[in-house]
Amino acid sequence: MQIISAEVLVSSPGRNFVTLRLTTDDGLVGLGDATLNGRELAVVAYLTEHVVPLLLGRDAHRIEDTWQYLYRGAYWRRGPVTMAAISAVDTALWDLKARAAGLPLYQLLGGRSRVGCLTYGHASGADLPELFDSVRDHLEQGFRAIRIQTGIPGLGSVYGVASSANAAAGADGVTSRYDHEPARRSAAPVEEAWDTRAYLRHMPGVFEAVRNEFGPELPLLHDAHHRLTPIQAAKLGRSLEPFDLFWLEDVTPAENTAVLRRVREHTTTPLAIGEVFNTIWDYRELFEEQLVDYVRSPVTHAGGITPLRRIFDYASVYQIKSGVHGPTDISPVGLAASLHLGIAIPNFGIQEYMRHSAATDEVFRSGVTFVDGMLVPSEEPGLGVEYDDDVASRYEYAAAYLPVNRLLDGSVHDW
Ligand code: KDG
Ligand code: MG
């Protein structure tokens with residue numbers, strides 16, 4: 001099973017996606033997701049210039065060796081661009097191996113450990129009535145766990161709130177009411193204003209209102225988008241304890257994970273982190289000191305299925321579970337890969353799920369199903385996703401960025 005072609009495909013059905021397609025001499029095709037939101041073309045160049053030439057002629061069965069060759073062999077390790085590129089190769093090789101075996105990919109990862117992967121959806125609103133409508137919408141769709149994000153009094157557009165002016169402006173003609181993370185196509189990022197004190201004052205009341213309206217059982221999550229100092233994070237975690245969150249995500253910036261010791265000292269609210277991590281080494285201190293409860297890394301940004309399986313096994317030693325990143329900038333290929341892994345591992349926790357636009361689903365025909373709040377991978381051989389070149393060619397790449405966050409005095413802030 002020799003690789004005879006490696007194509008880097010870019011399409012923009014509602015938002016930009018980068019996909020690697022490997023073809024073997026026996027006519028099999030494997031797909032991998034290489035999408036890095038707002039930096040897509042950097043990964044295209046990394047793959048095209050430095051990886052594709054190394055793949056041609058290689059034995060597609062040698063997944064581990066190819067991973068080590070691309071990671072250790074490059075000397076320049078880690079980083080989101082490198083790891084998104086390696087992820088795509090690794091995922092495409094697993095897709096190929098499973099197609100060659102005639103089995104859905106999860107069978108090669110140890111087989112099914114559960115009937116499906118429980119998901120959480122994104123409810124949001126500028127104010128409480130809008131937020132409640134959004135929660136009801138998600139419950140009607142079948143979600144059984146919900147992330148809660150709201151506008152903050154005194155601030156304008158807030159990232160993660162679907163009705164925010166910037167989100168609406170970026171919707172770019174994609175009209176699904178569930179497309180809650182628009183591409184924000186523009187030559188430069190939009191800028192949003194942020195006030196941490198206003199946020200910390202506002203959030204406990206929001207969760208109290210949601211619990212009063214929807215009861216004690218519904219699992220609720222919240223994402224702080226890396227915006228807090230350790231002591232602010234500790235304060236938020238403690239103030240939300242009465243509302244029994246499933247998790248509080250990304251409370252502090254990712255660069256200095258040791259600060260989570262301080263957060264842990266002060267709160268029993270469970271913590272999730274890792275959507276911007278790239279390797280198993282990013283988790284070492286967090287796991288060994290049990291500073292987190294859920295691992296957010298997706299297949300797409302952690303170097304693929306091979307290293308993510310290793311991360312989850314390492315996490316399991318410390319009773320830490322998966323909670324994989326699944327916004328719409330993870331393509332249906334990346335989502336399918338996460339689900340094949342999620343259905344197989346012993347320590348699955350929850351899977352984030354934002355629905356892709358109809359246009360995205362036309363380009364990537366995926367056999368994934370959503371049943372009773374759970375996502376279930378396809379029973380087709382491989383990942384169970386096919387890429388439609390004709391449809392993809394209708395959607396040209398256009399620059400799109402995540403927003404930049406500034407404090408009210410104009411300073412650039414984390415988010
Ligand atoms: O590309 C980054 C976004 O997908 C990210 O901001 C979304 O924080 C996010 C989440 O939890 O889905
Ligand atoms: Mg997040």
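Counting convention: from 1, in listed order, for ligands and their atoms alike. All values reported here derive from a predicted model rather than from experimental measurement.
When ring centroids are compared, Y395 and F17 stay outside the 6.0 Å threshold. Taking the six-membered ring for Trp and the full ring otherwise, the centers of Y353 and Y120 sit at least 6.0 Å from each other. Residues F348 and F312 keep their aromatic ring centres 6.0 Å or farther apart. In this structure, H222 has its ring center under 6.0 Å from that of F207.
Taking every non-hydrogen atom of L402 and a distance limit under 4.0 Å, the qualifying atoms of ligand 1 come out as 1 (O), 2 (C). Residue contact check: Y159 has heavy atoms under 4.0 Å from atoms 3 (C), 5 (C), 6 (O), 7 (C) of ligand 1. Near D329, meaning under 4.0 Å from one of its heavy atoms, ligand 1 places the atoms 1 (O), 2 (C), 3 (C), 4 (O). Taking every non-hydrogen atom of D223 and a distance limit under 4.0 Å, the qualifying atoms of ligand 1 come out as 8 (O), 9 (C), 10 (C), 11 (O).
Taking only nitrogen or oxygen atoms, main chain and side chain alike, Y120 does not reach within less than 3.5 Å of ligand 1.
Contact annotation: for I330 versus ligand 1, there are no heavy atoms closer than 4.0 Å. By the criterion of a heavy-atom distance under 4.0 Å, the side chain of H225, and not its backbone, is placed next to ligand 1. When heavy-atom distances to ligand 1 are checked against a 4.0 Å cut-off, R147 comes that close only through its side chain, counted from C-beta outward.
No donor-acceptor contact under 3.5 angstrom links the side chains of N405 and H413, judged on distance only.
The two atoms that bring L55 and I3 nearest to each other are O-CB, 3.5 Å, heavy atoms only. Contact between E352 and G326 at its shortest, heavy atoms only, is OE1-N, 2.8 Å.
Identified under the ring pair (Phe, Tyr, Trp, His ring centres under 6.0 Å) test for residues 248-277, with sequence neighbours left out: F277-Y283.
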Got a list of side-chain donor-acceptor pairs under 3.5 Å for residues 367-375, not counting sequence neighbours?
none

Please tabulate, for the side chains in residues 73-84, all donor-acceptor contacts under 3.5 angstrom to protein atoms that are two or more places apart in sequence or on a different chain.
{"residue": "T82", "atom": "OG1", "partner": "R78", "partner atom": "O", "Å": "3.3"}

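Put simply, the side chain of D95 does not reach to within 4.5 Å of the side chain of V29, judged on heavy atoms.
Among N37, L36, L221, the residue whose heavy atom sits closest to atom 1 (O) of ligand 1 is N37.
A heavy-atom separation below 4.0 Å is found between E249 and ligand 1.
Nearby protein atoms of type N, O or S around the Mg ion (ligand 2) amount to 3 (distance under 2.8 Å).
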